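Data first, discussion second: the structure below is written as structure tokens.
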Amino acid sequence: MEQGVIPVESLSGGFDLQSTIESGQSYLWHREDGTTYETDRAYGDDGWYWTTFRPADRTDPAVVRVRQLDGRLEWESGVDAEAHLRQRLRLDDDLDAILDATPDDRLLADAYETYRGMRLVRDPPFGTLVSFICSAQMRVARIHGMQAALRRTYGQEVTFKGNSYRAYPTPEALAGATEAELRELGLGYRAPYVQRSAELVATGDRDPVDATGRPYEAAREFLTGFVGVGQKVADCILLFSLGYLEAVPLDTWIRSTIEEYYPECDRGNYDETSRAIRAAFGGEYAGYAQTYVFHYLRNGDD
DNA sequence: TATCCAAGGTAAGTT
DNA sequence: AACTTACCTTGGATA
């Protein structure tokens with residue numbers, strides 16, 4: 001077994017593991033005790049989270065577990081996972097600099113203050129694609145539960161420290177699923193969207209990674225070529241997986257935030273409203289502002 | 001106990 | 001191009 005410790009004080013702006021993982025940006029981590037996100041807000045004080053990833057030099061997926069305890073980020077894995085974690089949890093983002101670059105704004109300041117240390121994630125593209133296809137008209141806990149069900153049903157088994165885990169399903173595995181099977185897992189009308197989009201990836205017709213490198217709005221447009229992916233879900237994939245930190249998904253929470261705090265940004269359509277709110281959120285790191293505001297307001301301003 | 005409602009929207013059909 | 005409507009399921013609110 002490999003393991004390591006990353007001192008939180010070595011990270012600019014600190015780190016908050018539970019907020020980062022359970023703030024609705026990632027559905028690909030799981031609590032070691034099997035409970036879903038938000039069943040106990042204090043879980044992150046010392047609880048382990050696990051996920052799987054595919055190391056570049058291996059064919060089989062690897063498990064990695066992390067927890068935050070006494071200012072230390074501890075990890076365990078079957079492989080050396082530190083580089084992966086730094087990328088996956090964006091540990092090298094200069095949060096202090098990002099905060100400094102954020103517009104002087106009461107709402108943003110309160111949100112950043114309340115959840116200091118929360119970072120964006122950089123999740124694997126396919127899992128992010130599927131997660132956010134599943135997110136349509138769903139609650140955070142259920143979206144998370146759907147991903148757990150997909151792992152259990154279609155994921156490759158991985159053993160770590162004597163325990164059995166399931167890797168996130170491959171595109172091939174979900175492409176081979178039937179709509180009826182996916183409905184059995186509770187995906188509802190999202191079931192055919194997931195199957196068809198997985199098929200696009202599995203056959204090579206379209207890969208979410210190929211959005212990378214395009215200008216932001218062109219990348220968003222590219223992603224809407226998947227089934228079940230509109231502009232909002234495309235923005236989530238860009239922000240939470242592909243590193244487009246200026247992306248601001250216009251979900252119900254941000255729309256009501258715009259109505260209450262930034263009414264002049266409501267331009268009546270997605271494209272123009274997106275441009276306006278991204279400008280209000282400071283442009284380059286607008287997605288960071290979005291994620292803090294989303295988490296802050298969804299938890300009731302506390 | 002029964003009914004209603006909204007949940008991090010998208011696709012398809014209509015004007 | 002802008003505007004409706006249907007869509008699965010379920011936990012929590014309301015009656």
Side-chain angles (χ1 to χ4, degrees), chain A residues 19-29 35-40 111 115 118 120-121 123 127-150 153 177-200 206 208 220-241 244 247-261 266-274 277-278 281 286-301:
Chain A
S19 291
T20 298
I21 287 180
E22 299 197 13
S23 50
Q25 24 166 353
S26 175
Y27 298 95
L28 303 179
W29 288 90
T35 59
T36 190
Y37 294 173
E38 302 183 324
T39 52
D40 175 5
Y115 294 104
M118 182 171 75
L120 282 170
V121 297
D123 269 332
T128 306
L129 169 69
V130 174
S131 296
F132 283 93
I133 288 173
C134 290
S135 76
Q137 296 292 104
M138 272 296 138
R139 295 168 206 277
V140 165
R142 281 203 61 206
I143 302 163
H144 188 241
M146 288 179 189
Q147 307 320 305
L150 291 174
T153 310
T178 66
E179 175 182 337
E181 288 169 353
L182 294 174
R183 283 179 182 267
E184 282 291 309
L185 297 182
L187 269 63
Y189 62 79
R190 304 154 197 81
Y193 300 165
V194 167
Q195 190 279 329
R196 291 169 62 194
S197 284
E199 198 164 56
L200 286 172
R206 186 172 291 262
R220 190 178 63 191
E221 179 67 21
F222 173 81
L223 291 173
T224 62
F226 288 102
V227 186
V229 178
Q231 290 178 298
K232 185 273 172 184
V233 169
D235 266 329
C236 290
I237 299 166
L238 291 176
L239 181 60
F240 304 136
S241 178
Y244 284 77
V248 175
L250 298 184
D251 56 67
T252 55
W253 289 91
I254 292 302
R255 286 182 184 279
S256 61
T257 300
I258 290 172
E259 189 178 348
E260 184 171 353
Y261 295 88
D266 183 1
R267 305 294 165 83
N269 62 75
Y270 197 102
D271 279 40
E272 294 300 324
T273 303
S274 169
I277 193 64
R278 280 184 282 124
F281 280 176
Y288 252 104
Q290 185 273 359
T291 299
Y292 269 88
V293 166
F294 175 84
H295 193 49
Y296 177 66
L297 294 180
R298 211 170 61 85
N299 284 332
D301 296 29

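Throughout, a chain's letter reflects where its sequence line sits, starting with A, and its residues are numbered from 1. Since this is a predicted model, take the numbers as computed values, not measurements.
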Task: Results of ring-ring contact (aromatic ring centres under 6.0 Å, His included) for A:F240 - residues two or more places apart only - done: A:F132
Task: Stems where DNA chain B pairs, listed by first number, each of three or more Watson-Crick or G-U pairs under 3.5 Å - done: B:1-7 with C:9-15, B:9-15 with C:1-7
Open item on the list: Set out, in order, the CA-CA distance, both residues' side-chain angles and the distance that settles side-chain contact (heavy atoms from CB on, under 4.5 Å) for A:L28 and A:V121, then state yes or no.
Closed with: CA-CA 10 Å; A:L28 303 179; A:V121 297; over 6 Å; no
Open item on the list: Using 30° and 60° as the class boundaries, would you call the ring planes of A:Y27 and A:Y37 parallel, tilted or perpendicular?
Closed with: parallel
TODO: Sequence neighbours left out, what passes side chain to side chain contact (heavy atoms under 4.5 Å, CB included) with A:E272? Give chain and number order.
DONE: A:R267, A:N269, A:R275
- [ ] Please confirm whether the backbone N or O of A:D266 pairs with a side-chain atom of A:R255, one donor and one acceptor, at under 3.5 Å?
- [x] no
Open item on the list: Below 4.0 Å from chain A heavy atoms, what is the first contacting nucleotide of DNA chain B and what is the last?
Closed with: B:dA6 to B:dA11
Task: Verdict with supporting geometry, A:T153 and A:L182, side-chain contact (heavy atoms from CB on, under 4.5 Å) - done: CA-CA 10 Å; A:T153 310; A:L182 294 174; over 6 Å; no
- [ ] Applying ring-ring contact (aromatic ring centres under 6.0 Å, His included), name anything that partners A:Y193, two or more places apart in sequence or on another chain.
- [x] none
Task: Spacing of A:H144 atom NE2 relative to C:dG11 atom C1', expressed in whole Å - done: 18 Å
TODO: Specify the residues of residues 131-140 of chain A, ordered by number, for which at least one heavy atom lies under 4.0 angstrom from an atom of DNA chain C.
DONE: A:M138, A:R139
Protein-nucleotides 4-6 of chain C N/O pairs closer than 3.5 Å?
none

Open item on the list: Restricting to side chain to side chain donor-acceptor pair (under 3.5 Å), what partner residues turn up for A:S19, sequence neighbours left out?
Closed with: A:D16
- [ ] With the side chain counted from C-beta on, respond yes when A:T224 and A:E221 share a heavy-atom pair under 4.5 Å apart, and no when they do not.
- [x] yes
Open item on the list: Any residue in residues 178-194 of chain A with a heavy atom nearer than 4.0 angstrom to DNA chain B? Just list them by number, or reply none.
Closed with: A:Y189, A:Y193
TODO: Just do the side-chain contact (heavy atoms from CB on, under 4.5 Å) check on A:I133 and A:V229 with the steps written out, would you?
DONE: CA-CA 6 Å; A:I133 288 173; A:V229 178; 3.8 Å; yes
Task: Full working for side chain to side chain donor-acceptor pair (under 3.5 Å) between A:S26 and A:D123 - done: CA-CA 7 Å; A:S26 175; A:D123 269 332; 2.6 Å; yes
Open item on the list: Show every salt bridge (Lys or Arg N to Asp or Glu O under 4.0 Å) that has at least one partner inside residues 179-199 of chain A, sequence neighbours left out.
Closed with: A:E179-A:R183
Open item on the list: Holding to side chain to side chain contact (heavy atoms under 4.5 Å, CB included), I want the full list of residues that pass it with A:S23, two or more places apart in sequence or in another chain.
Closed with: A:Q25, A:M118, A:H295
- [ ] Determine the contact category for A:Y270: base if any of its heavy atoms lies under 4.0 Å from a base atom, sugar-phosphate if only primed atoms, P, OP1 or OP2 are that close, otherwise nothing.
- [x] nothing
Task: A:Y292: ring-ring contact (aromatic ring centres under 6.0 Å, His included) partners, not counting sequence neighbours - done: A:Y112
Open item on the list: If you assign each of A:P249 and A:T224 to its closest nucleotide in DNA chain B, which residue comes earlier from the 5' end?
Closed with: A:P249
- [ ] Would you sort out whether A:Q137 and A:Y189 count as a side-chain contact (heavy atoms from CB on, under 4.5 Å), showing the intermediate values?
- [x] CA-CA 11 Å; A:Q137 296 292 104; A:Y189 62 79; 3.6 Å; yes
